[in-house]
Amino acid sequence: MRFALILCLALLVDSIAGDPKSFPHPVILIGKAITFFQAQLFTDTHSFIRGLALCVITLTVTALGAGFLLYVSGCHVIVQVYLLYSAVAWRDLKDETAPVFFSLMHNDLTNARKYLSLVVGRDTETLNASEITRAVIETIAENSIDGVMSVIFFAAAGYAIDSSYGAGVCVWLFKAASTLDSMVGYESFHEFGRPSARLDDVLNFIPARIGGVVITLAGRKGFGVFMRDRKKHKSPNSAHGESAFAGVLGVRLGGGAYYGGKYESRPFLNESGRDPEISDIVRAWRLLDVSCGIFAALVILLTCTI
């Protein structure tokens, strides 16, 4: 019951306050640590081993930091709630995509592209309204898993390991791995970033598959699209959430896009679906809320029965 209380309070605070803005976010601190260690380790030789060392050092520092905070507070419930609340990105997903939505509603493509560029990796300068909408829904879909469901999953897994320290430490180990992937896991880092990318893939493997099923349950359709298209991505996990959203919303997602001026061809998800419309962003927000709510409820039910 203690974990259920902590998780519910964390999600409640997130729904009200969103990401903490008045003081440094833990992800920013982890990012600064990664930047520092990367500067010491990155060379053209033995890149994979050095990249692996970056992972080990970053995860160790993160675990020590979260553990120390819990230790000095006596594992106080407020600190445990804070560690979970600051890790989950449920409200933040809507806050970051809302400016794009409202710009589209006012036919302001210039600002829509500008705001979109803050949350996606693709080039946005020439995107039309439908392409912008597609990118927004894909962002919500993918991050519904690694930004919300995976966090809840690792909080529960950590609590099962140790009811005092486990949830907070495991959640921030996962967030550190996600930050490593976003900072050095992409292809321009080659072998140096490979350990970070593979670590993120491994950690999201189970939550992505459970999450995809939960999304289709929340929408009460789309399971066939999910099962057919969930592997249509170079990442082993990314298409699970996106294909589930595509199936539930009845829209076509995926397809090629420009990244750093280079076109990357990618398969469509739910290719027979219609092009997304601006109103589908609101439907995606609702699906995010329902599916993540169901996922949290299932995790709470499971932890209360074991």
Side-chain angles (χ1 to χ4, degrees), residues 7 11 88-91 93-94 97 101 120 130-131 133-157 174 178 200-257 265-306:
L7 179 59
L11 296 178
V88 76
W90 193 340
R91 164 72 182 270
L93 258 178
K94 291 182 280 187
T97 53
F101 169 75
V120 301
S130 180
E131 292 168 332
T133 301
R134 173 166 62 89
V136 170
I137 295 174
E138 289 171 0
T139 298
I140 296 169
E142 181 177 358
N143 287 284
S144 67
I145 292 177
D146 58 20
V148 185
M149 296 185 199
S150 289
V151 173
I152 296 172
F153 176 87
F154 281 102
F174 169 73
S178 289
D200 185 74
D201 289 342
V202 169
L203 293 180
N204 278 297
F205 188 88
I206 295 175
R209 282 144 186 82
I210 299 173
V213 173
V214 170
I215 292 166
T216 62
L217 288 174
R220 293 177 292 181
K221 59 181 177 179
F223 185 74
V225 174
F226 164 70
M227 290 300 295
R228 185 190 66 215
D229 294 347
R230 62 194 177 94
K231 296 182 179 180
K232 291 183 177 180
H233 199 284
K234 62 181 179 181
S235 163
N237 304 316
S238 293
H240 283 70
E242 292 181 22
S243 61
F245 266 70
V248 172
L249 299 178
V251 299
R252 181 175 58 183
L253 299 178
S265 179
R266 297 182 180 181
F268 284 108
L269 307 175
N270 192 25
E271 188 168 6
S272 62
R274 60 178 173 80
D275 288 332
E277 301 171 354
I278 299 172
S279 60
D280 289 318
I281 296 175
V282 177
R283 296 177 64 214
W285 287 336
R286 291 173 182 164
L287 182 56
L288 168 73
D289 288 341
V290 176
S291 57
C292 290
I294 291 174
F295 190 92
L298 291 173
V299 166
I300 289 171
L301 181 63
L302 182 62
T303 55
C304 288
T305 55
I306 61 174

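It should be emphasised that the depicted structure is a prediction, and the values quoted were computed from it without experimental measurement. Atom set for the values below is all heavy atoms of this structure, side chains included, hydrogens, waters and symmetry mates excluded.
- How far CG of Asp201 is from OG of Ser238: 7.5 Å, rounded to the nearest 0.5 Å.
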Assess whether side-chain contact (heavy atoms from CB on, under 4.5 Å) is satisfied between Leu269 and Val225, documenting all intermediate values.
CA-CA 8 Å; Leu269 307 175; Val225 174; 5.8 Å; no
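- With a 4.5 Å cut-off on side-chain heavy atoms, Lys234 and Arg266 count as touching.
- For the pair Ile140 and Leu93, the tightest heavy-atom approach, listed with the atom from each and the gap, is O-CD1, 4.0 Å.
- Applying the side chain to side chain contact (heavy atoms under 4.5 Å, CB included) test between Asn204 and each of Asp200, Ile206, Val202 identifies Asp200 as the sole match.
- Atom CD1 in Ile137 sits 9.5 Å away from atom CD in Glu277 (nearest 0.5 Å).
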Residue pair Asn237, Glu142: steps toward the side-chain contact (heavy atoms from CB on, under 4.5 Å) verdict
CA-CA 9 Å; Asn237 304 316; Glu142 181 177 358; over 6 Å; no
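- Heavy-atom minimum distance, Ala89 versus Val148: C-CG2, 4.0 Å.
- Asn270 places a side-chain heavy atom less than 4.5 Å from the side chain of Ser272.
- Shown here are the side-chain hydrogen bond (donor to acceptor under 3.5 Å, both in side chains) partners of Arg228, two or more places apart in sequence or in another chain: there are none.
- Remark: side-chain polar atoms of Arg252 are not paired, donor with acceptor, to backbone N or O of Ala246 under 3.5 angstrom.
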Could you pull out all donor-acceptor pairs under 3.5 Å where a side-chain atom in residues 282-297 meets a protein atom, sequence neighbours excluded?
| from | atom 1 | to | atom 2 | distance (Å) |
| --- | --- | --- | --- | --- |
| Arg283 | NH1 | Leu249 | O | 3.1 |
| Arg283 | NH1 | Asp280 | OD1 | 2.9 |
| Trp285 | NE1 | Thr97 | OG1 | 3.0 |
| Asp289 | OD1 | Trp90 | NE1 | 2.8 |
| Asp289 | OD1 | Lys94 | NZ | 2.8 |
| Asp289 | OD2 | Lys94 | NZ | 3.2 |
| Ser291 | OG | Leu287 | O | 2.6 |
| Ser291 | OG | Leu288 | O | 3.3 |

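- The minimum heavy-atom distance between Ala141 and Ser144, with the atom names listed, is O-OG, 2.6 Å.
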Trace of the side-chain contact (heavy atoms from CB on, under 4.5 Å) decision for Met149 with Ile210:
CA-CA 9 Å; Met149 296 185 199; Ile210 299 173; over 6 Å; no
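- Atom OG of Ser279 and atom CZ of Phe101 lie 8.0 Å apart (nearest 0.5 Å).
- Annotation for Ile300 and Thr303: closest pair O-OG1, 2.9 Å, computed over non-hydrogen atoms.
- Rounding to the nearest 0.5 angstrom, the gap separating the CZ atom in Arg134 from the CD1 atom in Ile281 is 12.5 Å.
- In this structure, the separation between CD on Glu242 and CD1 on Ile145 is 9.0 Å, given to the nearest 0.5 Å.
- Residues that satisfy the ring-ring contact (aromatic ring centres under 6.0 Å, His included) test with Phe174, not counting sequence neighbours, are Phe154.
- Of all heavy-atom pairs spanning Phe226 and Gly212, the tightest one is CE1-CA, 3.6 Å.
- Note that the OG1 atom of Thr133 and the CD atom of Glu138 stand 11.0 Å from one another [nearest 0.5 Å].
- Across Arg209 and Pro236, no two heavy atoms sit closer than the pair NH2-O, 3.0 Å.
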